[in-house]
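Written out below as structure tokens is the structure these notes cover.
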Amino acid sequence: MGKEGKTDDLMEKIVALCKRRGFIFQSSEIYGGINGFWDYGPLGVELKRNLKNIWWEDVVRKRDDIVGLDAAIIMNPKVWEASGHVGGFSDPRVDCKECNARYRLDELPTRVRVEAVIDEMTNGTMTVEEAVDALTGGNGDHFLRILKKAHKKRTNPSDVIEILFGKCPQCGGELTDARQFNLMLKTFIGAMEDSSSVAYLRPETAQGIFANYKNVLDTSRIRPPFGIAQIGKAFRNEINPRNFTFRSREFEQMEIEFFCHKDDADKWYEYWRDARYKWYIDLGLTSSRLRLRDHETDELAHYAKSCADIEYDFPFGISELEGVANRTDYDLKKHQEHSGKDMQFFDDQTKERYIPHVIEPSGGVDRAVLAFICEAYTEDEAPDDKGKMQKRILMKFHPRLAPIKVAVFPLVKKEGMPEVARKIYDDVLASGLTCFYDEKGAIGRRYRRQDEAGTPFCVTVDGQTFEDQTVTIRDRDSLKQDRIAVEKVVEYVRERIG
RNA sequence: GCGGGCGUAGCUCAGUGGUAGAGCGCCACGUUGCCAACGUGGCUGUCGUGAGUUCGAAUCUCAUCGCCCGCUCCA
């Protein structure tokens with residue numbers, strides 16, 4: 001009820017599966033939930049951890065030009081002043097209730113200002129157009145109409161003020177009260193809650209890297225071009241969290257700040273843009289739903305010279321997974337100004353002293369996890385025990401990402417099969433692969449449960465196991481079974497995980 | 001933040017003022033021998049939360065929290 005026409009909505013099915021199988025739960029659900037926060041369940045945490053580990057392996061451990069960092073979530077508030085997060089976004093805003101236009105409070109004229117301008121207009125020292133311009137910066141259709149009419153009819157100035165003041169300059173609608181918009185979550189350091197103890201939960205991980213750039217340079221014997229990588233939580237007090245975990249108030253970023261000479265910045269930008277795009281493809285986002293999009297010049301943030309988004313076509317629309325930006329020397333320069341510390345690098349070969357430019361590949365961990373979940377979600381048909389085709393739901397995770405790599409079953413729960421299966425299970429666990437043992441219910445049902453968990457391989461102990469020490473191993477996607485020696489199970493799986 | 005829709009068992013939902021239900025699931029036992037099997041028995045709810053109206057509220061009213069859609073926002 002109330003879901004007419006949406007019962008087969010893909011995103012709803014995915015959210016339902018995530019809960020049913022223990023991938024993702026709403027935070028604090030037993031207390032009615034809390035908007036914009038999510039918990040990862042037993043399968044979800046494995047999936048997310050696999051993704052982060054693969055990223056870390058690929059961008060830190062397998063490279064000699066990137067080092068890792070794990071900075072604190074709470075930093076000196078001056079960091080956020082330097083980065084522009086405190087100043088730029090904390091002005092009070094008012095909205096028009098009619099047309100939803102949003103204004104900074106200081107963009108709107110005060111009553112005194114309205115009185116003064118109308119006064120000038122009445123005296124003839126200002127034209128109607130100039131008056132509108134003075135009051136609204138030229139963007140006030142409603143004000144223009146009212147003032148023109150008032151001018152022609154010589155309306156009493158105080159009546160005009162009453163009509164205009166506190167109304168939307170564009171449509172004349174009612175305005176809301178002024179409200180503060182600051183997307184940083186705030187807390188207090190120490191026991192006293194006053195303005196001197198205010199601190200912020202970081203709204204991005206990048207600043208922790210910039211603030212430590214000098215420390216890393218001085219201690220790790222590394223020099224440009226080099227990168228610092230970090231995975232960590234960030235917090236934004238989003239006005240409207242939406243689309244499952246896609247826009248959350250607490251989220252995790254995986255981010256590289258890559259420092260290089262200005263002359264090499266374009267080259268490194270292109271390198272990282274293409275490398276990061278390929279990374280997602282290699283992990284299984286092979287479909288046409290992934291795309292790389294360069295930003296138009298007018299779309300660029302004030303600190304970026306160029307920027308590309310790696311985007312995924314989610315069931316709710318095309319949205320950004322990762323942004324790769326050429327941030328120039330903007331951030332280090334800002335921190336040099338605000339901290340008074342020299343951020344220059346001295347190249348003793350070229351004898352050049354410079355502030356490095358920064359290429360930033362910044363990805364959302366939760367967004368990537370969600371994209372891999374959406375990509376993996378598959379409905380197909382498989383025969384039941386009578387050969388009749390039944391709907392099957394499976395998660396086609398890349399084996400590297402799959403939360404559980406292998407499940408082990410006895411074909412039936414007797415004749416010593418559970419004991420043999422248990423032994424295989426223990427051996428697989430000891431090898432370091434995630435493994436799941438299940439002996440409950442019919443074999444077909446156990447296979448289907450693992451399909452929904454995205455487990456790529458299921459090993460089954462049957463009667464033949466006792467004759468020749470072999471088991472069947474079933475492929476999640478094709479349903480095909482191979483018969484292999486018991487001692488080859490780990491090797492078989494490892495070969496296919498890659 | 002604005003407008004609209006919605007909230008009943010783990011899941012999907014029925015129930016429109018009079019004893020909270022179905023299917024699936026889950027658990028146990030038996031049967032069963034490779035893809036959501038069958039039989040028998042069992043488990044599950046502050047009807048999102050709080051207040052109000054009423055003899056009586058899952059049902060009507062208000063508030064609140066959460067979810068979905070469209071705008072808005074995303075430094």
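Sequence lines set the chain letters: A, B, ... in the order given, protein chains first and strands last, and positions in each chain run from 1.
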- prompt: Any donor-acceptor pair under 3.5 Å between the side chain of R445(A) and the base of rG25(B)?
  reply: no

- request: Could you work out the separation of rA58(B) and rU19(B) based on their P atoms and round it to a whole Å?
  value: 10 Å

- request: Starting from P on rC67(B), measure out to CD1 on I14(A) and report it in whole angstrom.
  value: 18 Å

- prompt: Between atom NZ in K19(A) and atom P in rC24(B), what is the gap in whole Å?
  reply: 20 Å

field: For rG3(B), the Watson-Crick or wobble partner whose two distances fall under 3.5 Å
entry: rC69(B)

C1'-based separation of rC65(B) from rA51(B) [nearest Å]: 15 Å

message: Heavy atoms within less than 4.0 Å of RNA chain B: which residues of residues 455-463 of chain A have one? Give them sorted by number.
response: T460(A), D462(A)

message: Can you identify which nucleotide, out of rA75(B), rG66(B), rC34(B), has its nearest atom closest to the R236(A) side chain?
response: rA75(B)

- request: Please confirm whether the backbone N or O of P410(A) pairs with a side-chain atom of R446(A), one donor and one acceptor, at under 3.5 Å?
  value: yes

query: According to the Watson-Crick and G-U wobble definitions, with both distances under 3.5 Å, which nucleotide is paired to rG10(B)?
result: rC24(B)

field: Counterpart base for rU19(B), defined by Watson-Crick or G-U wobble contacts under 3.5 Å
entry: none

query: Base, sugar-phosphate, or nothing: which does Q464(A) touch, judged by heavy atoms less than 4.0 Å apart?
result: nothing

Gap in Å between the two P atoms, one belonging to rC34(B) and one to rC29(B), rounded: 22 Å

- request: May I ask you to say what Q450(A) touches in the nucleic acid, namely base, sugar-phosphate or nothing, with a heavy-atom cut-off under 4.0 Å?
  value: nothing

Pairing partner of rU64(B) (Watson-Crick or G-U wobble, both distances under 3.5 Å): rG48(B)

statement: Between CZ of R449(A) and C1' of rG25(B) the distance, given in whole Å, is 10 Å

field: Closest to the L411(A) side chain, choosing from rC67(B), rG10(B), rG33(B)
entry: rG33(B)

- prompt: Do the charged groups of R289(A) and E375(A) touch, with an N to O distance under 4.0 Å?
  reply: yes

C1' gap between rG23(B) and rC60(B), integer Å: 30 Å

field: N-O pairing of K233(A) and E252(A) below 4.0 Å
entry: no

- line: Against the side chain of P203(A), the closest entry in rA75(B), rA36(B), rG33(B) is rA75(B)

task: Indicate the ring-plane relationship of F210(A) and H335(A), choosing parallel, tilted or perpendicular according to the 30° and 60° boundaries.
output: tilted

Neighbours of RNA chain B within residues 306-323 of chain A, by heavy-atom distance under 4.0 Å: none

statement: Between CD1 of I393(A) and C1' of rU12(B) the distance, given in whole Å, is 12 Å

task: If the plane angle is over 60° it's perpendicular, under 30° parallel, otherwise tilted; pick one for Y312(A) and F314(A).
output: perpendicular

query: Which of the following nucleotides, rA28(B), rA37(B), rA75(B), is nearest to the side chain of A442(A)?
result: rA37(B)

query: Atom CZ of R249(A) to atom P of rC73(B): distance rounded to whole Å?
result: 17 Å

task: Identify whether the distance between the nearest side-chain nitrogen and carboxylate oxygen of D309(A) and R273(A) falls below 4.0 Å.
output: no

query: Between the main-chain N or O of F23(A) and the side-chain N or O of Y40(A), is there a donor-acceptor pair closer than 3.5 Å?
result: no

message: What is the distance, to the nearest angstrom, from the CG atom on N243(A) to the P atom on rC74(B)?
response: 17 Å

message: Tell me whether the rings of W38(A) and F244(A) are parallel (<30°), tilted (30 to 60°) or perpendicular (>60°).
response: perpendicular

- prompt: Quantified in whole Å, what is the C1' atom distance between nucleotide rC11(B) and nucleotide rU49(B)?
  reply: 22 Å

- prompt: With rounding to whole Å, what would you report as the distance between rG10(B) and rG45(B) at their P atoms?
  reply: 8 Å

query: Where the side chain of R247(A) is concerned, which of rU32(B), rG66(B), rC73(B) is the nearest nucleotide?
result: rC73(B)

N-O pairing of R449(A) and D438(A) below 4.0 Å: yes

- prompt: Should the pair R236(A) and F251(A) be classed as cation-pi, given the thresholds of under 6.0 Å to the six-membered ring centre and 45° from the axis?
  reply: no

message: Can you work out whether E415(A) or N35(A) has the more 5'-proximal nearest nucleotide on RNA chain B?
response: E415(A)

task: Considering only NZ, NE, NH1 and NH2 on the basic side and carboxylate oxygens on the acidic side, decide whether K423(A) and D427(A) come within less than 4.0 Å.
output: yes

query: Taking for each residue the nucleotide of RNA chain B with the nearest heavy atom, is it K414(A) or S83(A) whose nucleotide lies nearer the 5' end?
result: K414(A)

query: Reckon R242(A) touches a base, only the sugar-phosphate, or nothing at all at heavy-atom distances under 4.0 Å?
result: base

task: Among rC34(B), rG33(B), rA28(B), find the nucleotide with the atom closest to the side chain of Y447(A).
output: rC34(B)

task: Scan F244(A) against the nucleic acid and name what it touches under 4.0 Å (heavy atoms): base, sugar-phosphate only, or nothing.
output: sugar-phosphate

- request: Look at K305(A) together with D266(A) and state whether they make a salt bridge at an N to O cut-off of under 4.0 Å.
  value: yes

- request: Check the distance between rC74(B)'s P and H85(A)'s NE2 and give it to me in whole angstrom.
  value: 13 Å

- line: Residues in residues 471-486 of chain A with a heavy atom under 4.0 Å of RNA chain B, by number, are T472(A), R474(A), L479(A), Q481(A)

message: Between D475(A) and R496(A) (salt bridge meaning N to carboxylate O under 4.0 Å), is one present in this structure?
response: no

- prompt: Within the structure shown, what part of the strands sits under 4.0 Å from R20(A) by heavy-atom distance: base, sugar-phosphate, or nothing?
  reply: nothing

query: Centre of W279(A)'s six-membered ring, under 6.0 Å away, within 45 degrees of the axis: is that where NZ or CZ of R276(A) sits?
result: yes

message: Rounded to whole Å, please give me the gap between CD1 in I34(A) and C1' in rC65(B).
response: 10 Å

C1' spacing across the pair rC73(B) / rA63(B), given as an integer number of angstrom: 27 Å

- prompt: For rC29(B), which nucleotide is its Watson-Crick or G-U wobble mate, given both distances must be under 3.5 Å?
  reply: rG39(B)

query: Would you call the rings of W80(A) and H85(A) parallel, tilted or perpendicular if under 30° counts as parallel and over 60° as perpendicular?
result: perpendicular

- prompt: How far, in whole Å, is rU61(B) from rG17(B) if one measures between their C1' atoms?
  reply: 14 Å

